[in-house]
Amino acid sequence: MEQEPKQDLEKKEAEQEQEQVQASEATTEQKPVDLPKRTDKKKRNYYRISIYILIALILVGGLSFIFKKQIGLFLFDTIAAGDIKDTLDRSYEAIGNEPVSPEPTAHTDPFSVLLLGVDARGDERGLSDSIIYSVVRPKDNKILLISIPRDSYVDLIGMDEIGMNDLKTKINAAHSYGGPKMSVATVENLLQTKINYYASVRFNGLKDFVDALGGVKLPITEVIENKNPVHMKLRIEPNKPIYNGEDALNYVRYREDSDMNRTMRQRIFLNAVMDEMLTLKNITKIPEFIDIAGANFTTNMNADFIVSMAKEFFMKDSLPPISNYMMQGKGVRTDYWYYELLPEDVEYTKQLIANWMDPNMAVEQLIDPKVKQEE
């Protein structure tokens, strides 16, 4: 009886030893599993995935930069093409002497557009306070802007069509009497040259348009302020990085220095708007621009022609350089003040237009009006 417990004890000890050996072997088998190495592998995979994502972002970003024009046109066609054509169709207003519009993709010859900035309210026609004869050379990616002073003393053409006698007065009155048709006829008579198209914009629409753009950059270094009590109150602070619609409208309206400076500001404003319009960020805003333009814009260019021209300029490697000229004259006071254009300058302007409208004229042979202005 005494040996039985001893045997049992030895048995238990043997079982314990066996369990320890098994536990030792199990521990030995688990030793090769290196947890830190697993962590390193996960890190390597994470870094590899991050690098792939980075490369993908670089490729997408690079392709977006390289093909930004194509992307812009895709966005334009997708978001706005239909709406803009509908709006332009509603803005179309013929004056009776429109040329046969060329195929949108085939037009490369120079053409002229009379740009009219009209200060009108309600249903009135209003005075054309900005009159710019422009020549567009699509093939060469160049634009010529010739400013005609609003107070130029000229014969108004077409007074008989509205039942009135011939009249010689300030050129900006042509629009108030006979709209864009009389403005075009009067400028054609003054410069003895054909105008292909016109585009008329109401000044009041500029404010909303510029605000929709997000503002424009204007080179204002001194305070601009109306001090004459009979003029509307306006004040523009200098050195702002961006100017809103109200400031931009006041900028093109201000005229207490000179008509020459006023037309210069209008050309600067057009350049500033073009800079903003052709940026990719504003492509998605086109529907908003269309709504604003619809109520403030009329032209005799058809929708397909305008859209094709816009696309052509957008696809160029750079913005079209703009050459500017201001017709010269002298102030004359009789019973009221007006601007008398110099006959020799009228002749120079005719030559300038003929030179730029010639489709066979090489770019290097185009007259540079800057040389004339610096003389």
Side-chain angles (χ1 to χ4, degrees), residues 69-70 72-118 128 130-146 179-181 183-185 187-188 193-202 205 209 270-271 273-274 277-278 282-283 285-316 318-323 353 356-361:
K69 294 178 181 178
Q70 287 81 355
L73 288 183
F74 172 77
L75 290 172
F76 176 85
D77 288 330
T78 303
I79 297 172
D83 289 338
I84 196 169
K85 287 183 179 180
D86 289 343
T87 301
L88 289 173
D89 285 338
R90 293 194 299 272
S91 297
Y92 182 85
E93 186 176 307
I95 58 175
N97 62 348
E98 286 72 28
V100 176
S101 294
E103 290 296 325
T105 58
H107 187 64
T108 57
D109 287 346
F111 62 92
S112 59
V113 183
L114 185 65
L115 303 175
L116 301 169
V118 181
S128 54
S130 176
I131 308 169
I132 300 175
Y133 187 109
S134 63
V135 178
V136 182
R137 293 179 66 93
K139 184 177 180 181
D140 301 324
N141 193 37
K142 293 179 73 68
I143 296 175
L144 170 67
L145 300 180
I146 301 172
K181 181 177 181 179
S183 293
V184 168
V187 174
E188 285 182 337
T193 185
K194 183 70 176 176
I195 295 174
N196 299 128
Y197 305 101
Y198 82 89
S200 176
V201 179
R202 289 179 175 238
F209 191 83
L270 286 176
N271 287 339
V273 169
M274 186 179 296
M277 278 294 295
L278 294 180
N282 276 318
I283 292 293
K285 297 180 182 178
I286 287 178
E288 186 177 356
F289 300 152
I290 296 167
D291 290 339
I292 296 169
N296 298 284
F297 176 74
T298 57
T299 184
N300 60 347
M301 291 181 280
N302 66 48
D304 288 335
F305 180 72
I306 295 175
V307 170
S308 68
M309 286 296 102
K311 287 183 177 182
E312 184 164 342
F313 279 115
F314 183 76
M315 288 300 291
K316 299 290 185 183
S318 62
L319 292 172
I322 297 177
S323 298
I353 292 172
W356 276 69
M357 285 293 292
D358 186 349
N360 298 316
M361 192 65 63

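This structure is a prediction, so every number in the text was calculated from the model and none was measured.
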(request) Would you mind reporting whether Asp140 and Met361 have side-chain heavy atoms less than 4.5 Å apart? (result) no
(request) Compare all side-chain heavy atoms of Leu270 with those of Ile322 and state whether any distance is below 4.5 angstrom. (result) no
(message) Using the side-chain contact (heavy atoms from CB on, under 4.5 Å) criterion, which residues pair with Ser200? Sequence neighbours excluded.
(response) Leu116, Val118, His175, Tyr198, Thr298
(message) I'd like to know if the side chain of Ser134 reaches the main chain of Leu145, judged simply by a donor and an acceptor atom lying under 3.5 Å from each other, with no hydrogens or angles considered.
(response) no
(message) Checking the side chain of Asn196 only, and the main-chain atoms of Ser112 only, is there a donor and an acceptor separated by less than 3.5 Å?
(response) yes
(request) Apply side chain to side chain contact (heavy atoms under 4.5 Å, CB included) to Thr193 and Tyr133, showing your working. (result) CA-CA 11 Å; Thr193 185; Tyr133 187 109; 3.5 Å; yes
(request) Show your reasoning for whether ring-ring contact (aromatic ring centres under 6.0 Å, His included) applies to Phe209 and Phe297. (result) CA-CA 11 Å; Phe209 191 83; Phe297 176 74; 9.7 Å; no
Report the distance from atom [atom1] of [X] to atom [atom2] of [Y], rounding to the nearest 0.5 Å.
| X | Y | atom1 | atom2 | answer |
| --- | --- | --- | --- | --- |
| Tyr92 | Met301 | OH | CE | 10.5 Å |
| Ile195 | Ile353 | CD1 | CD1 | 8.0 Å |
| Ile95 | Tyr197 | CD1 | OH | 11.5 Å |
| Ile131 | Ile146 | CD1 | CD1 | 13.0 Å |

(request) Provide the closest heavy-atom pair for Phe305 versus Asn302 in the form atom of the first, atom of the second, distance. (result) N-OD1, 2.8 Å
(message) Looking at every non-hydrogen atom in both residues, tell me the closest pair between Asp109 and Pro138 and how far apart they are.
(response) O-CD, 3.6 Å
(message) Is there a side chain to side chain contact (heavy atoms under 4.5 Å, CB included) between Lys181 and Asn300? Walk through the geometry before answering.
(response) CA-CA 10 Å; Lys181 181 177 181 179; Asn300 60 347; over 6 Å; no
